2 protein chains.
Amino acid sequence: MTGQTNAERGREVRARLLTAAQELIGELGWNGVSTRILAERAEVRPGLVHYHFESLQALLRQATTEAMRPMLDDMAALLASVPNPADAVESLMAEIDRYTGTDPASLLFIEAYLAATRDPILRGQMGELVTRLRAALTEALSASGHPSPEEAAIVVMAVIDGFLLHKGLDPRLSAIRLAPMLRHLTDPNGARS
Amino acid sequence: MTGQTNAERGREVRARLLTAAQELIGELGWNGVSTRILAERAEVRPGLVHYHFESLQALLRQATTEAMRPMLDDMAALLASVPNPADAVESLMAEIDRYTGTDPASLLFIEAYLAATRDPILRGQMGELVTRLRAALTEALSASGHPSPEEAAIVVMAVIDGFLLHKGLDPRLSAIRLAPMLRHLTDPNGARS
DNA sequence: GCTAGGGTTGGTCATTCGTCCAAGACGATC
DNA sequence: GATCGTCTTGGACGAATGACCAACCCTAGC
């Protein structure tokens, strides 16, 4: 049918399985994703799962990190594109309002945090990603003259994930409404004791 | 052996199953708790699970709300016991440092948020509990003259859960270090734009 | 003393699970 | 056009799952 080579089809199956996993982790939960459901969503035979991946856990791990990395990289890029990190945080909050807290993308992140507490390998990979973004935010806050950049970075990152958690329970919550408070927190002139 | 009446033993079995569920949800994840593992932890025969509870989901729901309610009530009581809500928030942050983010108690909460996005009944019950605490915090902040009490309450609650999420990834994180920032956020004199 | 009813037991039911594997299919290389 | 390596298929394996049930135990109340 299509002029695909043998190896190309293999790569595509890999990709389909990974994106299917990214969707299903959010929809069914980390432990709710089975090899057969995964294969069905990817429109692939169940046997292929263990041909392309060492185990189901390994597949879920890879799907998670491959979903998180570009997202966090985008945030870091946003941070580097504006002179004042407080502006980056504000546009980040606006971005967050496009998620409901019950969509697969949001839930994938939360599920990943939980799975990381039970999977040392995943914990290492995620820890590196998250720590790197937090370090970038700390750096930016420090450069803008913030008196306690590391603490502010921790708070901002905690607010983002915690807010999504709560928005899943109450969809009426709005992130952009919190922007003034966070600006206050991240602005060098506002966070003095 | 013991002078237990028939109904007393039934009540005890119920209680044992509920506390076992509270432990296991955090240890294995919401979907990782099975009737047999649950019964084993509670030192009870597997058949009793479906005698005392309508379904496994119903058991997990009840275990979750019964664990959350006293915890949130304690927070509300702490809030009511001091004149300045900023003081309550600070001692709350000190309390949080007693959790590692990987202990069953912390993880039970996070798992519950996730499960609530897939179980409308649980969502309703948890939503009520969380909304009530947030309302109490909003009220207290408002009474202390905070310019935007609701937003500050949302941020504080998000920070708490989000911080636990991140602490699971990086145990070195310290909550009490964030106290000055949150005091700034919750103090009526510090949060003016 | 006897009976009614809540509590308990041990087991069964059909499904689903993760993992594995022999056999076949396919495209690239010589 | 034969051969090689990669990819794919369909099925199998033992183990675990949620739910259910008839039979049994025990105590409270008559």
Side-chain angles (χ1 to χ4, degrees), chain A residues 1-25 27-64 111 115 118-122, chain B residues 1-25 27-64 111 115 118-122:
Chain A
M1 196 69 78
T2 61
Q4 275 181 323
T5 176
N6 212 332
E8 281 175 334
R9 309 222 294 134
R11 262 194 301 273
E12 193 194 316
V13 166
R14 272 177 112 87
R16 288 158 79 99
L17 283 171
L18 288 172
T19 58
Q22 290 165 0
E23 297 172 13
L24 288 170
I25 290 172
E27 295 177 21
L28 310 176
W30 189 275
N31 290 329
V33 182
S34 72
T35 55
R36 290 162 179 84
I37 294 178
L38 192 49
E40 187 184 7
R41 175 68 63 97
E43 290 178 308
V44 149
R45 304 291 170 168
L48 285 180
V49 171
H50 282 83
Y51 173 78
H52 286 289
F53 296 90
E54 185 192 345
S55 69
L56 181 60
Q57 277 296 314
L59 198 170
L60 298 181
R61 261 199 303 268
Q62 185 172 340
T64 298
E111 290 281 352
R118 301 175 186 115
D119 181 335
I121 300 178
L122 181 60
Chain B
M1 198 71 76
T2 62
Q4 275 182 325
T5 176
N6 212 331
E8 280 175 332
R9 310 221 294 135
R11 260 195 302 272
E12 193 193 317
V13 166
R14 271 177 111 87
R16 290 159 79 98
L17 283 171
L18 288 172
T19 58
Q22 291 165 1
E23 297 172 14
L24 288 170
I25 290 172
E27 294 176 22
L28 309 176
W30 188 275
N31 290 329
V33 182
S34 71
T35 55
R36 289 161 180 84
I37 294 179
L38 193 49
E40 188 185 7
R41 175 68 62 95
E43 290 177 307
V44 148
R45 305 291 171 171
L48 285 179
V49 172
H50 282 84
Y51 173 76
H52 286 289
F53 297 90
E54 185 191 346
S55 69
L56 182 60
Q57 278 296 313
L59 197 171
L60 298 181
R61 260 199 304 267
Q62 185 172 340
T64 297
E111 289 282 354
R118 301 175 188 115
D119 181 333
I121 300 177
L122 181 60

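In what follows, every chain begins at residue 1, and chains take the letters A, B, ... in the order their sequences are listed. All figures in this text were calculated on a predicted structure; none of them were measured in a lab. Hydrogens, waters and symmetry mates play no part in the numbers below; they use all other heavy atoms, side chains included.
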Would you list the atom pairs, donor with acceptor, under 3.5 Å between side chains in residues 30-40 of chain B and any protein atom, with sequence neighbours excluded?
residue, atom, partner, partner atom, Å
B/N31, ND2, A/L28, O, 3.4
B/S34, OG, B/I37, N, 3.3

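The interatomic distance linking B/L60 (CG) with D/dT17 (C1') rounds to 14 Å, in whole Å. Rounded to an integer number of Å, the gap from B/E12 CD to D/dC26 C1' is 16 Å. Regarding B/F53, its CZ atom lies at a distance of 16 Å from the P atom of D/dC20, rounded to whole Å. Per the geometry, CG belonging to B/N31 stands 12 Å off P belonging to C/dC17, to the nearest Å. One can place CG of A/L56 at 17 Å from P of D/dA16, the figure rounded to the nearest angstrom. What separates CG of B/L24 from P of D/dT17 is a distance of 12 Å, to the nearest Å. Atom C1' of nucleotide C/dT19 and atom CG of A/L59 are separated by 14 Å, given to the nearest angstrom. Going from atom CG of A/L28 over to atom C1' of C/dC17 covers 14 Å, rounded to whole Å.
Contacts of A/R16 classified as side chain to side chain donor-acceptor pair (under 3.5 Å), with partners at least two apart in sequence or in another chain: A/E12, A/E43. Among residues two or more places apart in sequence or in another chain, the side chain to side chain donor-acceptor pair (under 3.5 Å) test is passed with B/E27 by B/R41. Scanning for side chain to side chain contact (heavy atoms under 4.5 Å, CB included) contacts around A/Q62 gives A/L18, A/F53, A/E66, with sequence neighbours left out.
Residue contacts for B/S34: at a heavy-atom cut-off of 4.0 Å it reaches the sugar-phosphate backbone alone, with no base atom in range.
Checking the phosphate oxygens (OP1, OP2) of D/dA19, a side-chain nitrogen or oxygen of B/H50 falls inside 4.0 Å.
Applying the salt bridge (charged side-chain N to carboxylate O under 4.0 Å, His left out) test to pairs two or more places apart or on separate chains, those with a residue in residues 50-64 of chain A are A/R61-A/D119.
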Along nucleotides 6-11 of chain C, 5' to 3', which nucleotides get a B, which get an S, and which get a -, given that the test is a protein heavy-atom distance under 4.0 Å?
BBBBB-
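For B/L17 against B/L48, the heavy-atom pair with the smallest separation is CD1-O, 4.4 Å.
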